[in-house]
Amino acid sequence: MIDLVKKKVSEEINVKKSFIELGVSNEVARAVKEMGFEEPTFIQSLCIPKILNGIDVIGQSQTGSGKTAAFGIPAIEKVSKNSNLIEVLILCPTRELAIQGCDEIRKFARHKAWVKVIPIYGGQSIDRQIKLFEYPVSMIIGTPGRVMDLMRRNVLHLDKVKVVVLDEADEMLNMGFKEDIEKILKDVPNNRQTILFSATMSPEIIKITKEFQKNPEHVKMVHHHLTVPTIEQYYFDVPRGVKKVEILCNTLDTYNPSRTIIFCNTKKQVEELMIDMQNRGFMVLGLHGDMKQNERTRVMSSFKNGKVDILIATDVAARGIDVDSVEIVFNYDIPQDEEYYVHRIGRTGRAGKSGKAFTLVSGRNQLHSVYNIQRFTGKKIEFKMSPSRQDVYEIKQHRMLSKVRKILKEDELKEYVEVINILVEEEYSSLEIAAAILKMNCEDIVPSSFNKNSLDKNLSDSVHSFKPRFKDVVKFRVEIGKNNLVSASHILSAIATQTNFSGKDVGKITLYDKYSIFEVPRSWIDTVKRTMENCKIKGIKVRALLVE
Ligand code: ADP
Ligand code: MG
C-alpha cells in the first residue's frame, strides 16, 4: 500500500469547480444539475478527468462521498452513440447497490438516449433477466455471481467492453467474489480501462490492482477528510443495570429524527432489537444479510419512501445503501473495526447535510474502542449524558404545548368551542376538559402510560378523580391493587359495566399494593353490593365490600 501513496495535497487545492470544467458533456452536466448537484465532490473532481483520459484509477474515499458519479459519469461518456453492445461493466457487492447504482446512472444519462443501463443481480428470475438482453444494452451494473452466470450461459457478450469498474472492491472480496471477479477480468478485452474503488487497501486488493490495472493512479482522501465534518459524533455511557435499548429509545424520543439507522454487529441482535423496539411502540424494520431478496427490497423501499423511519441493520446489509437525510446513526453495538465506524456514520450527513452519530458504550473495553476510533478518524467523539425518561417527558410536553399554541394563534376554533361547550355545561371546568382531551391524544407525554416500568411505579400514586357530582359518597374496597398491575381505569370500567351506572358518577379511585378503594354515590350501595359481589377485574375474581 505504501507504493500507492496518497495523492498530494496540491492536487486537492487544484480541484476544479464545475462538471463542465472537468470535461463532462453538456448532456450529462445538464442532468446532474437537474439532480440538484451543485458542484463535484472532492473524489469526483479528481476521478472524472482521469477516467475520461483513459487512466486506470484506484479510488479510496468514505461512503457518501459521491463515488457512483465519480465513475458513473465518465463511464457514460465512454459509451458510443451507434454501438449496441456492452461497453461498460460495473461490478458491485450487493443487489441493493446494483439497483441503486443503476438508478443513479440512468439519471446521469437521461439526456443521452443511446445509453442503456441495466442491473444484474441474483435472486431475480434468470429468464426475466435474459430477456433484457433481447434489446440493446450499453452498460451493466451487477453482482459478480450473476454476471458470471450470464456469461456462462452465453447471454452476456463482453468482447466490446471498454471500461470495467469494481465498486466497493474490498466488500466484494469479503463476500467471497474473488474468483468470479478474476474470471470476469480475464474474460474482458485486455485493452480495456479498469477502475477500482475500495474503502480499504488490503494486500488482496493490491494484488488485484497489480494484476488487472495498468499504471493505476491512486486517488485518496487525505486523512482529515475521512469523516464528514457536518456529522456531530457523541457517545453515551450505558451504566451497569441500564438496558441499551432504554437509552436508545429515550434518545429517539428526544430527537424525534426523521430517519434513523441503528447498527448492530449481528443479525441476531438486529432481530432481537427489532422485537424489543416494536414492543415499545416504535415502528422499525430490520435488514440483514440472511434475508431474502424480495424482503430486503421491501424493507429498503419502506425506509426510502418514509413509511418507516427507523432501520436496524448489520454492516454488510447496509453498506453503501444510499438514503437521503438520515438524521441519526446509532452504533448500538460498537463496530468491529474502525473503518466500519466511518462507513456507518457516513450514512448520515450525506452530501453536505448535517447529521448525528451516537455510540452506546458499556464498560471500559468499549470505551477503549471509542478512543481507538477517535485516533483513527482524527475526530473527537464527545461524551454526552443520555436523556432520561424525565427529559423525554419534558421534551414531549414542550413539543405538544408549542403545537397547541400555534393552533390557538393561527386556527379558526369556533366550531370546536361549541362542541366543548357541551361539557362545560355539564359543569366540567375547561382545565379538566383540556386535560381529558390531552390524555386521549397524547398519553405518552406523562409518565403513567409510557412503559411498563414507569406504569408500575406510577400506580402508587394512581388516583382516578372525576369531579363528584354527588356530595354524599360511600367507599368500597376491592382486593386487587398495584401488585396486580391494574389501573384506575380498569376498576372504573368494571364498576360501570357491572352496575350499568355512568362511570362519570364514580368518585375517587385509589390504588394500594393489594387492594383499591373507590367512591360511589350513596344511592348506589345496594346495586354495587349486588352486581359486584362476584365479578372479574383484569381476569381476577373480586368482590366489592362496603367500607364502614
Ligand atoms: P458513495 O458511493 O461514495 O457512498 P454515492 O455515490 O452513493 O456515495 O453518493 C452519495 C449521495 O450523494 C447520493 O445521494 C448522491 O446522489 C449524492 N451526490 C453525489 N455527488 C454529489 C454532488 N456532486 N452534489 C450533491 N450530491 C451528490
Ligand atoms: Mg457507493
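The residues of the chain are indexed from 1 along the displayed sequence. Both backbone and side-chain heavy atoms feed into the values below; hydrogens, waters and symmetry mates do not. Whatever order the structure lists them in is the order used to number ligands and atoms, beginning at 1. All figures in this text were calculated on a predicted structure; none of them were measured in a lab.
Side-chain atoms of R146 and Q124 include no donor-acceptor pair closer than 3.5 Å. No side-chain donor-acceptor contact under 3.5 Å links E327 and T260.
Residue E104 places a heavy atom under 4.0 Å from ligand 1.
The existence of a salt bridge linking K131 and D127 is excluded, since no basic side-chain nitrogen approaches an acidic carboxylate oxygen closer than 4.0 Å.
Not one N or O of F19 is nearer than 3.5 Å to an N or O of ligand 1, by distance alone.
Looking at heavy atoms from C-beta onward, I99 lies in side-chain contact with Y121 at the 4.5 angstrom threshold.
At a heavy-atom distance under 4.0 Å, no atom of Q100 approaches ligand 1.
Interface of T41 with ligand 1, defined as ligand atoms under 4.0 Å from a residue heavy atom, comprises 20 (N), 21 (C), 22 (C), 23 (N). The atoms of ligand 1 that sit less than 4.0 Å from any heavy atom of T68 are 2 (O), 5 (P), 6 (O), 7 (O).
Cation-pi geometry between K356 and Y234 is not met at under 6.0 angstrom from the ring centre and within 45 degrees of the axis.
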